[in-house]
**Student:** 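Shown below is the structure under consideration.
Start at 1 with the first residue, then count along the sequence. Nothing here was measured: the structure is a model prediction, and the numbers come from that model. Both counts, for ligands and for their atoms, begin at 1 and track the order of listing. Just the heavy atoms: all of them, side chains too, but no hydrogens, waters or symmetry mates, feed the values below.
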Amino acid sequence: MRVTGRVQGVGFRPFVFALARRLGLAGFVLNDSLGVLAEVEGEGVEEFLARLVADAPPLACVERLATEALPPTGESGFTIRASAGGGPPDAAVSPDAATCDACLAELFDPADRRYRYPFINCTGCGPRFTIVTAVPYDRPSTTMAAFTMCRACRAEYQDPGDRRFHAQPNACPDCGPRVRLVADRIPAGRRREAIAGGPRDAISAAAAAVRSGAILAVKGIGGFHLACRADDEAAVSALRARKHREDRPFAIMVGDLDAARALVELDGDEIRSRARPIVIAPRRGDVAPSVAPRSRELGVMLPYSPLHHLLLADAGVPLVMTSGNVSDEPIAFTDEDALRRLAGIADLFLLHDRPIRTRTDDSVLRGRRVVRRSRGFVPEPLPLPAAPALLATGAELKSTFTLARDGRAWVGHHIGDLRNVETLASFADGVEHFERLFAVAPQLIAHDMHPDYLSTSYALAREGEHVAVQHHHAHLAAALAEHGEPEALGAIFDGTGYGTDGTIWGGELLLGGPGGFTRAGHLRPVRMPGGESAIREPWRMACAWLAESGLETPPAWANVRRLAETGLASPVTTSMGRLFDAVAALCGLRETVTYEGQAAIELEAAADAHETAAYPLPVTEGAALVLDPRPAIAAIVDDLARGAGVALVSARFHNAVARATAAACREVGAPAVVLSGGVFQNALLLDRTTEALRPARVLTPVRLPCNDGGISYGQAAVAAALHGA
Ligand SMILES: [Zn+2]
Ligand SMILES: [Zn+2]
């Protein structure tokens, strides 16, 4: 019997061992480079095979079970044999998993030898991907290599009947990693608070300081967080100011599910999954105003490491837990780096000596849809039929890479905005790490068509056959590959993507599959006055659309209007993201933004979901269909002049885009429609467009983000299709 999938380092062999013994079967089980191999003989073989998949350990994921009949050997007893070496390592490295219930019970049991030990773990939980340094996955190939197991831990590790059999990060207070609190930066008054109260460990001291208003840098599983009380406006606004983060919402960690439900309306169990993502949901309870200004939602997560559980239990209040960085830099993940870069932000540091190999941000879900796919999901492979050995380098914002071979694609962790040497270095390191972990030697290198992206230069500097993939085609191909569909009409709406004609696309109707596409339609082109600055200053897009619609603009905008009319330093765009920016600016919501998509997010948040009317947004025919928002712009100006509220204007605009998109799709006549691109993170737009498209079949990305985090997987799908053709 051969089992492939995620079956190593997840307690699969002891599970097979226990199952075979229970059914009185003889034989053996071993790990090899392809997964798990076993031979069983005896009366209960049928039941054995049935239970093997149905009762598999929680972290295991059986992709395939192949069996072959062999003559009985007559042997007795069942054994776990030593691993066989050789061949390409195909056995998956598991994602990091949240602390399991059994470990949690021990963590809070004063009689247990691991009582309050912040690194407790077992075969069913604990760090994996973030501590792996090489394959095969074994203790010396992790950042636990430097810790020598004590006798008690070693005995657990070697006992097939123990929950910690071959749990590579197995440790205890006698032999494992330790936390330490660095509190020298804390103001004297608060330091007394932190140290006061008798003999406390580092975690309870840190929790006491946070309770009294301090900002704590805490080392987690994939990197550092900055933490403070979520109900303390002074602490939260101080954190915001020191981090130079003006508006983007902070995530909150709460102690348990009840505390999460007190803050947000949850539907679904994703918040409790082993991946323990941040779940963005409609807010219900109160937090300090600076946590998520002007947002109707909150991002909430549950503790996922034993250290978090202890910290939250000791603090007794929800904590802001935001990435440990300054503005848009990558998060800190080594102690030295954190102490240096976060010195101006944190009052105290809760550190530990188990190194993090790969910096991995928290994953983010909105409802069930992935917005950022990282810790807890990576490096779980996605299917990619017929993929040769290839690398796809993604786009620029929310960057990820994808490596693939033999029908599987490994989408890397979220790298961030690939715009400086620091992020490029972690991008290159991530690619090389994955190449070793999954034995991929890419022959094909796929990249974005944009000549100036760092991901493009990285791709072109590598040897191999290069494939330039159009940005929105990659969005379409990613959604199709995820759903295993050959082709569809894609309504791909985002901020910026390099078009085949050299202009900036972003409101596209593309018909086709991974092998190719035709541009069936697009948003009416308009100038971006001043180029890139129009992204940071949405009022410029408002000016451009007013000018394009033949409407008046305020006298102060005369220079920008001239840019729009002459085209000087003002590239042409069909971007839907920029149209949303323009409308947000017309509504007076935002003249400038501090992060990409901010104006559109606030426009969505302002909408009255009960409004059913829509502005006119006709679809005109020509060589390609054109969605013409000028009548909508004129109607918005009229409504606002009449004193209509932003809630009404925003809703009517959302409805207009949804209905125009559906009308255009019907005109093209495709049976299946893909809705993707960053603009479709807007749940109201997605719902309204899906409704308007009925009864057409609508496909949207679920396991990968619809934003540029999904681009590399789509590029891989395109490269694989072209290679196979
Ligand atoms: Zn456990
Ligand atoms: Zn130990």
Side-chain angles (χ1 to χ4, degrees), residues 6-15 17-18 55-61 93-132 137-140 142-180 201-203 220-222 255-257 269 271-277 301-313 352-355 375-377 380:
R6 195 174 67 220
V7 291
Q8 290 187 7
V10 292
F12 204 81
R13 284 175 306 163
F15 157 69
F17 176 84
D55 301 346
L59 293 189
C61 175
V93 175
S94 153
D96 304 290
T99 310
C100 72
D101 290 345
C103 286
L104 262 188
E106 291 171 354
L107 181 66
F108 289 104
D109 175 6
D112 193 271
R113 74 185 188 95
R114 291 188 179 86
Y115 174 58
R116 287 187 64 88
Y117 181 56
F119 303 95
I120 188 170
N121 68 86
C122 72
T123 324
C125 74
R128 295 287 186 281
F129 169 68
T130 50
I131 61 165
V132 171
Y137 178 66
D138 207 351
R139 178 105 165 182
T142 69
T143 61
M144 288 295 293
F147 299 94
T148 306
M149 272 183 264
C150 67
R151 286 172 68 113
C153 287
R154 167 75 47 195
E156 295 165 340
Y157 183 86
Q158 289 173 337
D159 175 5
D162 195 277
R163 204 172 89 242
R164 299 194 164 90
F165 177 68
H166 278 246
Q168 304 305 346
N170 189 29
C172 78
D174 291 336
C175 66
R178 286 166 195 208
V179 292
R180 86 190 147 101
D201 61 22
I203 295 171
I221 296 292
D256 56 33
L257 194 61
D269 252 359
I271 197 167
R272 282 199 293 177
S273 73
R274 273 175 216 101
R276 283 287 198 281
M301 65 181 141
L302 295 176
Y304 53 84
S305 79
L307 194 157
H308 293 145
H309 279 287
L310 293 169
L311 184 64
L312 267 289
H352 63 72
D353 55 358
R354 182 178 71 200
R375 180 192 48 75
F377 295 101
E380 187 81 60

**Student:** Would you say D138's side chain and P140's backbone share a donor-acceptor pair under 3.5 angstrom?
**Tutor:**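 Looks like no, no N/O pair under 3.5 Å.
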
**Student:** Could you tell me whether a side-chain N or O of D96 sits under 3.5 Å from a main-chain N or O of R128, the two making a donor and an acceptor?
**Tutor:**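 Flag set: sc D96 to bb R128 pair under 3.5 Å.
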
**Student:** Within rounding of 10°, what is the angle whose vertex is the Zn ion (ligand 2) and whose arms end at SG of C172 and SG of C150?
**Tutor:**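 The angle at the Zn ion (ligand 2) comes to 110°, rounded to the nearest 10°.
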
**Student:** Give a rough value, rounded to 10 degrees, for the angle at the Zn ion (ligand 1) between atoms SG of C100 and SG of C122.
**Tutor:**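 Taking the Zn ion (ligand 1) as the apex, I get 100° for this pair.
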
**Student:** Can you check the angle at the Zn ion (ligand 1) formed by SG of C125 and SG of C103? Round it to the nearest 10°.
**Tutor:**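 Reported to 10°, the angle equals 110°.
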
**Student:** Pick from R139, R164, Q168: which one makes a side chain to side chain donor-acceptor pair (under 3.5 Å) with Y157?
**Tutor:**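 The option that passes is Q168.
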
**Student:** Report yes or no: does R178 contribute a side-chain atom to a donor-acceptor pair with the main-chain N or O of C175 at less than 3.5 Å?
**Tutor:**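 Looks like no, no N/O pair under 3.5 Å.
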
